[in-house]
Protein chains: 4
Amino acid sequence: MKRKVAILGATGIVGQRFIELLQNHPWFEISVLAASEKSAGKKYKDACDWKLTSPMPSEIGEMTVAASDLRSVESAGDVDFVFSAIPGDTASAIEEQFAAKYPVISKASAHRGDADVPLIIPEVNPDHLALIPIQKKKRGWSGYITTDPNCSTTQLAISLKPLMKFGLKSVMVSTMQALSGAGYPGVASMDIIDNVLPFIKNEEEKIETESTKVLGAFNHGAISKAPIRLSASCSRVNVSDGHTESVFVGLEQNPEIDEITREFEKFRGLPQELKLPSAPEHPIVVRRENDRPQPKCDRDCGNGMSVVLGRIRKDPVMTVKYTCLGHNTVRGAAGGSILHAELLAKKGYLD
Amino acid sequence: MKRKVAILGATGIVGQRFIELLQNHPWFEISVLAASEKSAGKKYKDACDWKLTSPMPSEIGEMTVAASDLRSVESAGDVDFVFSAIPGDTASAIEEQFAAKYPVISKASAHRGDADVPLIIPEVNPDHLALIPIQKKKRGWSGYITTDPNCSTTQLAISLKPLMKFGLKSVMVSTMQALSGAGYPGVASMDIIDNVLPFIKNEEEKIETESTKVLGAFNHGAISKAPIRLSASCSRVNVSDGHTESVFVGLEQNPEIDEITREFEKFRGLPQELKLPSAPEHPIVVRRENDRPQPKCDRDCGNGMSVVLGRIRKDPVMTVKYTCLGHNTVRGAAGGSILHAELLAKKGYLD
Amino acid sequence: MKRKVAILGATGIVGQRFIELLQNHPWFEISVLAASEKSAGKKYKDACDWKLTSPMPSEIGEMTVAASDLRSVESAGDVDFVFSAIPGDTASAIEEQFAAKYPVISKASAHRGDADVPLIIPEVNPDHLALIPIQKKKRGWSGYITTDPNCSTTQLAISLKPLMKFGLKSVMVSTMQALSGAGYPGVASMDIIDNVLPFIKNEEEKIETESTKVLGAFNHGAISKAPIRLSASCSRVNVSDGHTESVFVGLEQNPEIDEITREFEKFRGLPQELKLPSAPEHPIVVRRENDRPQPKCDRDCGNGMSVVLGRIRKDPVMTVKYTCLGHNTVRGAAGGSILHAELLAKKGYLD
Amino acid sequence: MKRKVAILGATGIVGQRFIELLQNHPWFEISVLAASEKSAGKKYKDACDWKLTSPMPSEIGEMTVAASDLRSVESAGDVDFVFSAIPGDTASAIEEQFAAKYPVISKASAHRGDADVPLIIPEVNPDHLALIPIQKKKRGWSGYITTDPNCSTTQLAISLKPLMKFGLKSVMVSTMQALSGAGYPGVASMDIIDNVLPFIKNEEEKIETESTKVLGAFNHGAISKAPIRLSASCSRVNVSDGHTESVFVGLEQNPEIDEITREFEKFRGLPQELKLPSAPEHPIVVRRENDRPQPKCDRDCGNGMSVVLGRIRKDPVMTVKYTCLGHNTVRGAAGGSILHAELLAKKGYLD
């Protein structure tokens, strides 16, 4: 018996990725697709402007879209837990409504900063799930909310985790982010042809604040932020999928590049140990060619779940610099959430 | 009477920009176009694959291309001085041959590091031209070589100059560079469509070494490198012209953003004071919109000679961060060289 | 004294081109900028998302946008005539309201098909302006409506006009149209990166019906459609400005390619004869290189007002085939309308 | 026991597709990779600039590249037959050398026009393979040469085949072709950014001549060309893979669009009947949305082996028009050749 999942925000780009990645999932099956009022009541194929190159599964297309409220979703089908890909400001209240009753795994930014809400990358900080019972008790909920970081944070934090053993002090990152990160229709074509857009709203703040929570320690029932100073500068480039990041890192120790590279390559997390269905064999893949990673060539590495690093080299100002690439709508969104849900399932949080 | 100039490497992208920018120049006129053996003897219009959107001037098209040696060039026309846009490894010896007799203003990297060769940005370090008589004496030449920095260094160094008063300590820069920087044919279209290339050969080294020379002090007949630590990470993006740079700067002082912005905006150099023909009114233009500068919108600012800055903001790790944009084949190449030559002319170095 | 013009739809892409092209116009000056309710009352610089690479003129930015109704426009400034770039369905009634009192030169499709409304390309069918007094009388208006064709029709019809002497029978055209033709935000970047969109709503119908009206004869107070069979297939490609068309033409006669080329090159119209300010010297420019015209290189030919043809060659099925390029927002929109207005002024229709 | 194949031109884009598509092939295995002198003797991974997004198979990377002559290839491994993806002018003699001994299936254009050489699309004209014994006898070869059409011809001819029952008279086609069709490095990025290139050398001639041979009849030991008039106009657009064609067709009969659509959809060929491993279930897939096919969404249909049609509609000048899309390096190159080889194997031509 597979667990039944409702997807909130099912018609957006991230919602579409959830559908694609949950096809034939061994543990989960989609029971409800929910979206905004203007889509509710329509067949999914009529409500959704499908943007993935893989075709929309035909049985999904025939499902009727529910409105994004508890009553509508429950009327539409059985629910064991909820994925939320609700855009922007409306997420907060809707997610709370569902969390009173069900586990909600959220890609929205609304609750990421809440002290009692975990912000999880399964390979990085699975111990933060211990916030869940604290949250349930405090809020008096039968369910709970657990969140995933922003896409550009996710791949960065995965790359930083193995460096913590060398004393991670400071991080500078300059991103070159893909168009799909802005949703659909997102960036107008006239704005990006022959161009770079050197601004993504709230993105730098998200990287700078979320990273320290994800990399923080869980002690005495609370997360203490990691004592790392971060600075981000975020740009949009003419790439469909896959964020590229130039990362500069200051460490307390001064390890050799070979040693750092080995740490990256041998890095494994709990998902690998537990052999979760969506866990990539290698959370980090290191490319040794001098011109990799590249979004077109490397975004699908590990089915889009591996973060690909390259150009690992000494930094004349800090300690080490490298290029970091991840698939923003797979590892950085739907794929990350599904791995997160698999971890919850395995650890008993969906029972 | 205009001064007569020979252009070496006249058929390349930078050579083409020289031709475009020297049309109707008040002080200089093109007398000889020189290029490699395979072009020599052909009409320019037959030897050159013209890549600019402005049309090739028709009288230029009819000129016969000379070979890039002293005898061929002198046979082809009168020469008062020389612009060199010779690519790569062959530049060194050819430039020396000409420098024995003529002033050579070079865009090639061959001699930039020589202790007795100036590396000039006219607004930044015009005092370094004092190396010229030292060089001539040391090498026994009637002429001399003076060089321009790499394109990505030029715009960065212009932006850093006004920050020196605050005690410039360290600079991190991540570039998103245009296709024209690779020359023609340069980057294959299949390599850049829906992609970012996170590597440009030798580019990071050039930024890291050239910047400290340009920003260095001339004392007792020699340049002492500026005591700045720099780190660069260079990528190629799908943009025709205009390099975008995410810059992070550490200063000794901690000035307010307004104060920094004022320094950028009031910055003027010797070219502005001397009212040189190619000097932009504002070497630095600051945009206050949160999504500027952008290469498509801002590369032609000041006829491509202004560096455009935006998103000037506090940096959580260093002191200040901003986005820096410049036209790589105008300010960063042919336009910079022409301004350099105008400065030489005005200061008597072409007499 | 310059004539005062109100621009309806002033905040859109075509409205922006009107503003750019009317700067320093010798005969016309902008007195009112009108747009939809959500822009009305704002300063133009706050209401408009300026998309041209040339900067917004600062005095234009300070103008207050009027609503698009007669009373609001008249309150905002003096009006001698009106340019309408109103998108879509709303144009019809608004234009009629203004036409009761003023000459309205419209880029909207609403009235193009009306039997008593001229559909004008100044070089092609200036005699159709004779419909104006007929229209005024019939509709009881002090003003009138005169229209410009769709952008892809305009450049095609200009290229077809000189072929009419050979007996124009049939035309097949496959277009590769620019992004700016869809307005802003228009085409989503995710839809066009690494892609072609083989459909543009209503575009084929417009080409097929408008061309026969433009090329038709004015006799006995009415336009008779040209007896030409046309078929169009329209696609969107990843180009910012400039529509490229593959054209195949069937003629009654079988002229040599040289003869056809000569007809293209010697083609002049009334705007050239009258030396109208916006008239290009050559309405048609022929390129002889085998890989031209190209949108990036040729769209600005004749300040964007020349149609550029190339690859003129025998057609194995019909008679001749060629590639036709025009700037869709200059010749195909604002520039065409301004030339149209200049013709009206010169012929006394604005008095 | 799998048949052993040598690939000539193994380092190019088409050679790479052969390698990708032959991984785990049930009937064939790669025994020799051959390329030009400058690659010969190197490991494949060192000789090849791998451009596919799927990774190079590691055991392929370790193979040593042979020179493209019979002796070198035979020294390198066992050979049952040969795929030739040799570019341009050098193909002719090399292929003849191999054909004296082995079956050669060629993507090169050198021998396509030879009267005794089949030009095969397996679904369209498998009966033309009857030329093989005639060729062998005439040329005194133990092997033979059989060829595939040009990529843009292949997808067009597949779409035309089902229309022949309505009396195919004339075809106009305007192509929008992908970058990969030009090989690597092929089109320079500066030439295609924000641009269309309206010329592809020899492409129009290939479409116009090859189509009539492919669609011709085999009678009395020879191919008689199909009595169809064709005209092509070919452009390059900024798309990585997948050629889009606007097709206009004149038929003797005047069938309804529904009838035509049914013919397209029910079309099957010998490869489907024989259930060849690379045969797509549907050689032609019809999309009913008004904006399909699109290269990004549809090129991988049927593993890149299906031709996707859409926008099938009445043509005002001819009879019917539609948009035709195919994967140029799969169906139009390596995939087509492999299907061709499978047909040869099944029919006993490789024994």
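Only a predicted model underlies this, so the values are computations on that prediction, with no experimental measurement involved.
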> For a quick check under 3.5 Å, do Glu203(C) and Asn150(C) share a side-chain donor-acceptor pair by atom type?
yes

> Against chain C, work out which of Asn290(D), Asp315(D), Leu325(D) has the most heavy-atom pairs shorter than 4.5 Å and name it.
Asn290(D)

> Report which part of Val247(D) has an atom under 4.5 Å of a heavy atom belonging to chain C: side chain, backbone, both, or neither.
neither

> Does NZ belonging to Lys201(C) count more than 12 external heavy atoms closer than 6.0 Å?
no

> Using distance alone, with no hydrogens and no angle criterion, decide if Asn328(C) and Ser180(C) have a side-chain donor and acceptor under 3.5 Å apart.
yes

> By the side chain to side chain donor-acceptor pair (under 3.5 Å) test, which pairs, at least two apart or in different chains, include something from residues 156-171 of chain C?
Ser159(C)-Tyr322(C), Lys165(C)-Glu263(C)

> Mind checking salt bridge (charged side-chain N to carboxylate O under 4.0 Å, His left out) for Lys51(D) and listing every partner two or more places apart, or none if nothing turns up?
Asp191(B), Asp49(D)

> Indicate yes or no for a side-chain donor-acceptor contact from Ser211(C) to the backbone of Ile207(C) under 3.5 Å, with no hydrogens or angles considered.
yes

> Has the side chain of His327(C) got a donor or acceptor atom that lies under 3.5 Å from a matching backbone atom of Thr329(C)?
yes

> Quick one: of Ile192(C), Asp194(C), Ile193(C), who has the most non-hydrogen atom pairs under 4.5 Å with chain D?
Asp194(C)

> Name, in order of residue number, those residues of residues 225-246 of chain C that have a heavy atom at a distance of less than 4.5 Å from a heavy atom in chain D; otherwise write 'none'.
Arg229(C), Leu230(C), Ser231(C), Ala232(C), Ser233(C), Cys234(C), Ser235(C), Val237(C), Asn238(C), Val239(C), Ser240(C), Asp241(C), Thr244(C), Ser246(C)

> What closest approach, in Å, do Ile121(D) and Ile158(D) show between heavy atoms, and which atom pair accounts for it?
CG2-CG1, 3.7 Å

> Would you please go through residues 292-300 of chain C and name the residues with a non-hydrogen atom below 4.5 Å from one of chain D, in numerical order?
Arg292(C), Pro293(C), Gln294(C), Pro295(C), Lys296(C), Arg299(C)

